[in-house]
K.L.:
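My questions all concern the structure below.
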Amino acid sequence: MDGREAVIEAWYMDDSDEDQRLPHHREPKEFVSLDQLAEFGVLSWRLDADDVDNDEELKKIRKDRGYSYMDLIEVCPEKLPNYEDKIKSFFEEHLHTDEEIRYCLGGSGYFDVRNQSDRWIRVAVKKGGMIVLPAGIYHRFTLDANNYIKAMRLFVGEPVWTPYNRPHDHLPARKEYVETFVNKEAGSHAIEAPRMATLAPFQSSLLASHVPRVSSSCLPRRQRAGLMVVRCQAEDGSQEQPAPPQATPQPPKPKVSTKFSDVLAFSGPAPERINGRLAMVGFVSAMGVELARGDDVVAQLMNGGLPWFVGTTVLLSIASLVPLFKGVSVQSMSDGLMTSDAELWNGRFAMLGLVALVFTEFVTGGPLV
Ligand SMILES: CSCCC(=O)/C(O)=C/O
Ligand SMILES: [Fe+2]
Ligand code: NI
């Protein structure tokens with residue numbers, strides 16, 4: 001669907017202090033095209049507000065631009081808590097560190113934006129109009145004379161509504177905005193070669209929506225892949241409070257190296273663990289044979305124990321190394337009482353025990369028990 005001009009119009013504002021809800025056209029009127037808006041980062045679409053749930057174009061925009069979060073806001077005294085305060089703060093000139101994305105589902109309102117020359121441009125949005133204000137742009141919002149708007153708010157990931165009232169020029173988001181849209185010559189936003197790939201899917205959606213090509217900096221800054229959260233909060237209008245966290249992305253699991261040198265490194269996962277396991281088996285077997293036959297450890301080895309010792313060593317080493325080379329960490333198998341730490345400590349005690357046993361038997365010249 002296009003014909004954006006039917007639902008989104010923009011013009012230079014006059015300087016009068018009259019009621020903010022009046023149009024504030026200059027005399028004569030000076031309109032600004034939607035292409036001109038795009039040149040300083042303000043994007044626009046016309047969508048089917050009567051079929052929001054099945055709107056493929058909306059779905060595509062959300063997917064392409066990573067708008068995983070969605071809620072609804074109605075601006076009127078009955079629906080918006082702290083209506084008067086909110087109305088005032090919306091109209092304070094401010095910026096956000098992320099995009100402000102608003103899709104008008106009913107009623108209408110004015111989003112005023114500062115252009116590259118710091119002039120106020122009033123963007124009037126009606127039902128079906130969706131606009132994106134880039135991170136770092138100074139702007140404000142007011143209801144118009146109809147006194148009502150219902151809008152969908154979209155966001156990349158967990159929303160941050162914090163407004164930074166002007167001046168907040170030191171913020172990185174502002175500096176980035178100025179660098180991209182103000183310091184660059186208007187209308188000649190060269191697309192840097194290395195970022196072309198990131199831009200490709202976005203541009204196809206832009207073209208489909210009949211929006212002019214724009215710089216890669218028009219892409220949302222906080223795209224968080226793989227998280228499609230849909231939520232409705234019809235009566236929420238809070239600017240400062242982020243919505244309760246949900247579906248927080250899990251921190252990536254630490255990578256387990258399967259490199260031969262890493263696995264077998266002195267401080268790697270294998271040596272101490274294998275030695276510990278061998279010591280546990282060795283200690284228990286040595287004590288068992290001593291109790292049964294009365295042989296000390298050296299005699300046990302001499303009397304046919306050596307092949308058993310070598311065999312057990314090889315078997316246990318293979319059994320311990322195979323999962324490590326497959327990238328399965330011991331910690332990931334650790335559970336409840338059977339923790340990997342407990343095994344390490346048992347192994348350490350067994351190693352000490354074995355050494356103490358052999359040493360004691362060497363000194364006393366006979367078996368311990
Ligand atoms: C119609 S959305 C209310 C205005 C708003 O959320 C905002 O941030 C204005 O700048
Ligand atoms: Fe805002
Ligand atoms: Ni805003």
K.L.:
Rounded to the nearest 0.5 Å, what separation is found between the CG atom of D48 and the NZ atom of K127?
P.N.:
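Rounded to the nearest 0.5 Å, the CG-NZ separation comes to 8.5 Å.
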K.L.:
Between R114 and E93, does any NZ, NE, NH1 or NH2 come within less than 4.0 Å of an OD or OE carboxylate oxygen?
P.N.:
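Yes, E93 and R114 are salt-bridged.
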K.L.:
Within the side chain of S68, is there an N or O that forms a donor-acceptor pair under 3.5 Å with the backbone of G157?
P.N.:
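Flag set: sc S68 to bb G157 pair under 3.5 Å.
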K.L.:
CZ/R174 to CG/L95 distance, rounded to the nearest 0.5 angstrom?
P.N.:
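The CZ atom of R174 sits 6.5 Å away from the CG atom of L95.
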K.L.:
Just by distance, do the side chain of K150 and the backbone of G107 share a donor-acceptor pair under 3.5 Å?
P.N.:
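Judged by distance alone, no pair lies under 3.5 Å.
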K.L.:
Side-chain contact, heavy-atom cut-off 4.5 Å: M130 with I101?
P.N.:
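Yes, at least one pair of side-chain atoms sits under 4.5 Å.
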K.L.:
Can you list the residues that meet the side chain to side chain donor-acceptor pair (under 3.5 Å) rule with E56, with sequence neighbours excluded?
P.N.:
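In terms of side chain to side chain donor-acceptor pair (under 3.5 Å), with neighbours along the sequence ignored, E56 is linked to K59.
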K.L.:
So, using side-chain contact (heavy atoms from CB on, under 4.5 Å) as the criterion, who are the partners of E5 when residues are at least two apart?
P.N.:
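Listed in chain order: L34.
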K.L.:
Is any side-chain heavy atom of F155 less than 4.5 Å from a side-chain heavy atom of D71?
P.N.:
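F155 vs D71: side chains apart.
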K.L.:
Applying side chain to side chain contact (heavy atoms under 4.5 Å, CB included) to I61 and Y67, what does each step give before you reach the verdict?
P.N.:
CA-CA 8 Å; I61 294 168; Y67 297 153; 4.1 Å; yes
K.L.:
Quick check on side-chain hydrogen bond (donor to acceptor under 3.5 Å, both in side chains): which of N115, D169, D118 does Y138 satisfy it with?
P.N.:
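Considering N115, D169, D118, a side-chain hydrogen bond (donor to acceptor under 3.5 Å, both in side chains) with Y138 is found only for D169.
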K.L.:
Please write out which residues are connected to M13 in a hydrophobic cluster, directly or through intermediates, given that two of Ile, Leu, Val, Met, Phe, Trp, Tyr count as joined at side-chain heavy-atom separations below 4.5 angstrom.
P.N.:
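W120, which link up through side-chain heavy atoms under 4.5 Å apart, make up the rest of the cluster.
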K.L.:
Could you walk me through whether M70 and M152 satisfy the side chain to side chain contact (heavy atoms under 4.5 Å, CB included) test, starting with their C-alpha distance in whole Å, then the side-chain angles of each, then the deciding distance to 0.1 Å, before giving a yes or no?
P.N.:
CA-CA 7 Å; M70 182 274 274; M152 177 187 288; 3.5 Å; yes
K.L.:
Do E92 and R166 have side-chain heavy atoms sitting under 4.5 Å apart?
P.N.:
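Side-chain contact under 4.5 Å: no.
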K.L.:
Under the ring pair (Phe, Tyr, Trp, His ring centres under 6.0 Å) rule, collect the residues that match up with H168, sequence neighbours excluded.
P.N.:
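So H168 forms a ring pair (Phe, Tyr, Trp, His ring centres under 6.0 Å) with Y164, H170.
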K.L.:
Is any side-chain heavy atom of K184 closer than 4.5 Å to one of Q116?
P.N.:
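SC-SC contact between Q116 and K184 ruled out.
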K.L.:
Donor-acceptor pair, distance only, cut-off 3.5 Å: does the side chain of E176 make one with the backbone of A173?
P.N.:
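Absent.
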K.L.:
Mind checking what makes ring pair (Phe, Tyr, Trp, His ring centres under 6.0 Å) contact with Y148, not counting sequence neighbours?
P.N.:
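Applying ring pair (Phe, Tyr, Trp, His ring centres under 6.0 Å) to Y148 gives none.
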K.L.:
For residues R102 and L133, determine if any side-chain heavy atom of one lies less than 4.5 Å from a side-chain heavy atom of the other.
P.N.:
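Counting from C-beta outward, R102 and L133 never come under 4.5 Å.
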K.L.:
T142: which residues meet the side-chain contact (heavy atoms from CB on, under 4.5 Å) condition with it, sequence neighbours left out?
P.N.:
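Per chain and number, T142 pairs via side-chain contact (heavy atoms from CB on, under 4.5 Å) with Q20, R21, F91, Y110, R122.
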K.L.:
Once salt bridge (charged side-chain N to carboxylate O under 4.0 Å, His left out) is applied, do any residues pair with D53, and if so which ones, sequence neighbours excluded?
P.N.:
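Counting only residues at least two positions away or on another chain, D53 forms no salt bridge (charged side-chain N to carboxylate O under 4.0 Å, His left out).
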K.L.:
Just jot down the side-chain contact (heavy atoms from CB on, under 4.5 Å) partners of K88, sequence neighbours excluded, or say none.
P.N.:
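Once residues adjacent in sequence are excluded, K88 has no partner under the side-chain contact (heavy atoms from CB on, under 4.5 Å) criterion.
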K.L.:
So, using side-chain contact (heavy atoms from CB on, under 4.5 Å) as the criterion, who are the partners of A10 when residues are at least two apart?
P.N.:
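Scan of A10 (side-chain contact (heavy atoms from CB on, under 4.5 Å), adjacent residues dropped) gives V32, L37, I121, V123.
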K.L.:
Could you list the residues that satisfy salt bridge (charged side-chain N to carboxylate O under 4.0 Å, His left out) with R26, not counting sequence neighbours?
P.N.:
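Result, salt bridge (charged side-chain N to carboxylate O under 4.0 Å, His left out) vs R26: E30.
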K.L.:
Taking the six-membered ring of Y12 (Phe, Tyr or Trp), confirm whether the NZ or CZ of R119 is under 6.0 Å from its centre and within 45° of its axis.
P.N.:
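The answer is yes, since R119 meets both limits relative to Y12.
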K.L.:
Any link between F31 and V125 through a network of hydrophobic side chains (Ile, Leu, Val, Met, Phe, Trp, Tyr) touching at under 4.5 Å?
P.N.:
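Result: no, two separate clusters.
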K.L.:
Can you confirm whether V156 sits close enough to R62 that some side-chain heavy atom of one is under 4.5 Å from a side-chain heavy atom of the other?
P.N.:
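Result no, sub-4.5 Å side-chain heavy-atom pair not found.
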K.L.:
Is H25 reaching over with its side chain to a backbone N or O of P23, donor-acceptor style, under 3.5 angstrom?
P.N.:
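Absent.
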K.L.:
Is any side-chain heavy atom of S44 closer than 4.5 Å to a side-chain heavy atom of I8?
P.N.:
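When only atoms from C-beta onward are counted, I8 and S44 do touch, with a gap below 4.5 Å.
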K.L.:
Does a sphere of radius 6.0 Å around CG in D17 hold more than 12 heavy atoms from other residues, nucleotides or ligands, not counting ones at 6.0 Å or beyond?
P.N.:
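No - once you tally the heavy atoms of other residues, nucleotides and ligands closer than 6.0 Å, there are 12 at most.
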K.L.:
Could you give me the CA-CA distance, side-chain angles and deciding distance for L105 and V52, then say whether side chain to side chain contact (heavy atoms under 4.5 Å, CB included) is met?
P.N.:
CA-CA 9 Å; L105 300 176; V52 174; 3.6 Å; yes
K.L.:
Quick one: pull up CG in L47 and SG in C104 and give me the separation to the nearest 0.5 Å.
P.N.:
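These two atoms lie 11.0 Å from each other.
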K.L.:
Quick one: list whatever passes ring pair (Phe, Tyr, Trp, His ring centres under 6.0 Å) with Y177, sequence neighbours left out.
P.N.:
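Expected list: F181.
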K.L.:
State the NZ-CG distance between K126 and D144, to the nearest 0.5 angstrom.
P.N.:
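The CG atom of D144 is 9.5 Å from NZ of K126, to the nearest 0.5 Å.
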K.L.:
Roughly how far apart are I131 CD1 and R4 CZ, rounded to 0.5 Å?
P.N.:
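Here the rounded value is 12.0 Å.
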K.L.:
So V42 and V132, side chain to side chain contact (heavy atoms under 4.5 Å, CB included) or not? Walk me through it.
P.N.:
CA-CA 6 Å; V42 176; V132 171; over 6 Å; no
K.L.:
Who pairs with Y103 by ring pair (Phe, Tyr, Trp, His ring centres under 6.0 Å), at least two apart in sequence or on another chain?
P.N.:
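Scan of Y103 (ring pair (Phe, Tyr, Trp, His ring centres under 6.0 Å), adjacent residues dropped) gives none.
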K.L.:
I'd like to know if the side chain of S16 and the backbone of E18 have a donor-acceptor N/O pair within less than 3.5 Å.
P.N.:
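At least one qualifying donor-acceptor pair exists.
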K.L.:
Atom CZ in F141, atom CZ in F90: separation rounded to 0.5 Å?
P.N.:
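Interatomic distance, F141 CZ to F90 CZ, rounded to 0.5 Å: 7.0 Å.
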